[in-house]
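To keep things clear, I will list the structure first and then write my remarks on it.
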Amino acid sequence: MPSMPAITLHQYRPGVIDDVVHHHATYYRDHWKFDERFEAQVSSELTEFINEFNPDTDCFWWAANGADFAGAIAIDGSRVGEGQARVRWFIVPEQFQGVGVGASLFDIAMQFCTEKTLESVYLWTFEGLDAARKLYERHGFTLVKEKKGDGWGPEIVEQMFERI
């Protein structure tokens, strides 16, 4: 396994929305054939999140390797029920996958959730993202719901994981 690159974690900075949207759009287009609706949804929902950001209930972290974007994650606690939060926009570019960047981002996000003493944290993903699923399960998330969907092109099995 390659060694962990020199990564620094940061909170929001202007321009990082473009990085998050770009990496989501290209990764899921190239590997899962998602169409333009996915990019548009990520862009609009992330923009709304940043516009309404509340540091008491929300967090946003991104990773850098020098000047390179190496990943991002958010905890959205403002738009869900009290005592709950949703993991959002978790992405690690391929050149940084498998070396601990995702684990570092997920760790800091879960630390935020623990500090806020949230009753439950959930996320939506889909079947086939096995490395991410292992990370979620290591943090106490369990699969609680599945449904078929094709809102971004190909039919997928959407999955909801929750940590109580």
Side-chain angles (χ1 to χ4, degrees), residues 8-64 68-94 96 101-102 104-127 129 132-133 135-136 139 141 143-164:
T8 55
L9 299 179
H10 308 275
Q11 294 185 359
Y12 175 81
R13 68 147 166 82
V16 77
I17 290 174
D18 290 342
D19 290 325
V20 174
V21 172
H22 168 76
H23 286 284
H24 270 85
T26 57
Y27 180 83
Y28 290 104
R29 177 201 66 213
D30 293 349
H31 294 279
W32 298 93
K33 308 296 185 233
F34 284 10
D35 62 27
E36 67 279 353
R37 293 172 291 176
F38 181 71
E39 180 178 9
Q41 183 176 339
V42 170
S43 180
S44 65
E45 290 178 359
L46 180 54
T47 299
E48 180 182 325
F49 171 78
I50 295 298
N51 279 334
E52 299 174 5
F53 189 86
N54 177 348
D56 293 330
T57 56
D58 304 326
C59 77
F60 178 89
W61 289 92
W62 67 281
D68 294 329
F69 174 84
I73 195 168
I75 298 295
D76 182 352
S78 296
R79 282 155 285 288
V80 295
E82 188 173 330
Q84 299 177 348
R86 181 177 176 187
V87 178
R88 309 283 313 261
W89 307 294
F90 182 41
I91 189 78
V92 175
E94 287 185 87
F96 297 109
V101 176
S104 294
L105 285 164
F106 213 82
D107 287 347
I108 200 164
M110 292 303 101
Q111 180 181 339
F112 174 85
C113 293
T114 299
E115 289 170 3
K116 297 300 179 180
T117 62
L118 297 169
E119 296 168 22
S120 76
V121 181
Y122 71 95
L123 60 89
W124 279 97
T125 186
F126 61 93
E127 190 175 69
L129 298 173
R133 180 178 179 155
L135 180 61
Y136 307 149
H139 281 276
F141 284 78
L143 178 63
V144 296
K145 184 190 286 187
E146 289 185 312
K147 65 179 182 176
K148 289 185 178 181
D150 62 0
W152 305 308
E155 184 174 90
I156 57 171
V157 177
E158 297 177 52
Q159 298 176 317
M160 181 184 178
F161 284 79
E162 186 172 15
R163 183 184 85 165
I164 298 174

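Just so it is clear, the structure is predicted and the values come from calculations on it, not from any experiment.
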*Apply side-chain contact (heavy atoms from CB on, under 4.5 Å) to F161 and T125, showing your working.*
CA-CA 8 Å; F161 284 79; T125 186; 3.7 Å; yes
*Considering non-hydrogen atoms only, spot the tightest contact between M110 and V121 and give its length.*
CE-CG1, 4.3 Å
*Ignoring hydrogens and geometry, is there a side-chain-to-backbone donor-acceptor pair from D58 to D76 under 3.5 Å?*
no
*Do other residues, nucleotides or ligands put more than 12 heavy atoms under 6.0 Å from the CD atom of E82?*
no
*Heavy-atom pair with the smallest gap, counting every atom of A70 and V101*: O-CG1, 3.2 Å
*Kindly compute the distance separating CZ (R86) from CH2 (W124), expressed to the nearest 0.5 Å.*
8.5 Å
*Any side-chain heavy-atom pair from E48 and N51 closer than 4.5 angstrom?*
no
*asked:* If I take atom CZ from residue F69 and atom NE2 from residue H22, how far apart are they, to the nearest 0.5 angstrom?
replied: 9.5 Å
*asked:* So, taking the atom named OG1 in T47 and the one named CD in E52, what distance separates them when rounded to the nearest 0.5 Å?
replied: 11.0 Å
*How close do F60 and A72 get, heavy atom to heavy atom, and via which atoms?*
CZ-CB, 4.3 Å
*R133 and L143: CA distance, side-chain angles, deciding distance, side-chain contact (heavy atoms from CB on, under 4.5 Å) verdict*: CA-CA 9 Å; R133 180 178 179 155; L143 178 63; 4.1 Å; yes
_I need the D107 CG to L135 CG distance, nearest 0.5 Å._
7.5 Å
*Could you tell me if the ring centre of H23 sits under 6.0 Å from that of Y27?*
no
*Would the W32 and F38 ring centres measure less than 6.0 Å apart?*
no
*Heavy-atom check, side chain of W62 versus side chain of D19, under 4.5 Å*: no
*Donor-acceptor pair, W61 side chain versus A74 backbone, under 3.5 Å?*
no
*Test of ring centre spacing under 6.0 Å for Y136 and F106*: yes
*Which heavy atom of L9 sits nearest a heavy atom of S104, and at what distance?*
CD1-O, 4.1 Å
*Check: E39 main-chain N/O paired with S43 side-chain donor or acceptor under 3.5 Å*: no
*Determine whether the aromatic ring centres of Y28 and F34 lie less than 6.0 Å apart.*
yes
*K116 vs C59, side-chain contact (heavy atoms from CB on, under 4.5 Å): CA-CA, chis, key distance, verdict*: CA-CA 11 Å; K116 297 300 179 180; C59 77; over 6 Å; no
*pair V144-Y122: side-chain heavy atoms closer than 4.5 Å*: no
*Output the distance between atom CD (E146) and atom CD (E127), rounded to the nearest 0.5 Å.*
6.0 Å
_NZ on K147 to CD1 on I156, rounded to 0.5 Å_ = 9.5 Å
*asked:* Looking at every heavy atom in both Q159 and F126, which two are closest together, and how far apart are they?
replied: OE1-C, 3.6 Å
_Checking side chain to side chain contact (heavy atoms under 4.5 Å, CB included) between W89 and each of L46, I75, I17, I73, which is the one that passes?_
L46
*List the atom of L105, the atom of F90, and the distance in Å for their closest heavy-atom pair.*
CB-CE1, 4.1 Å
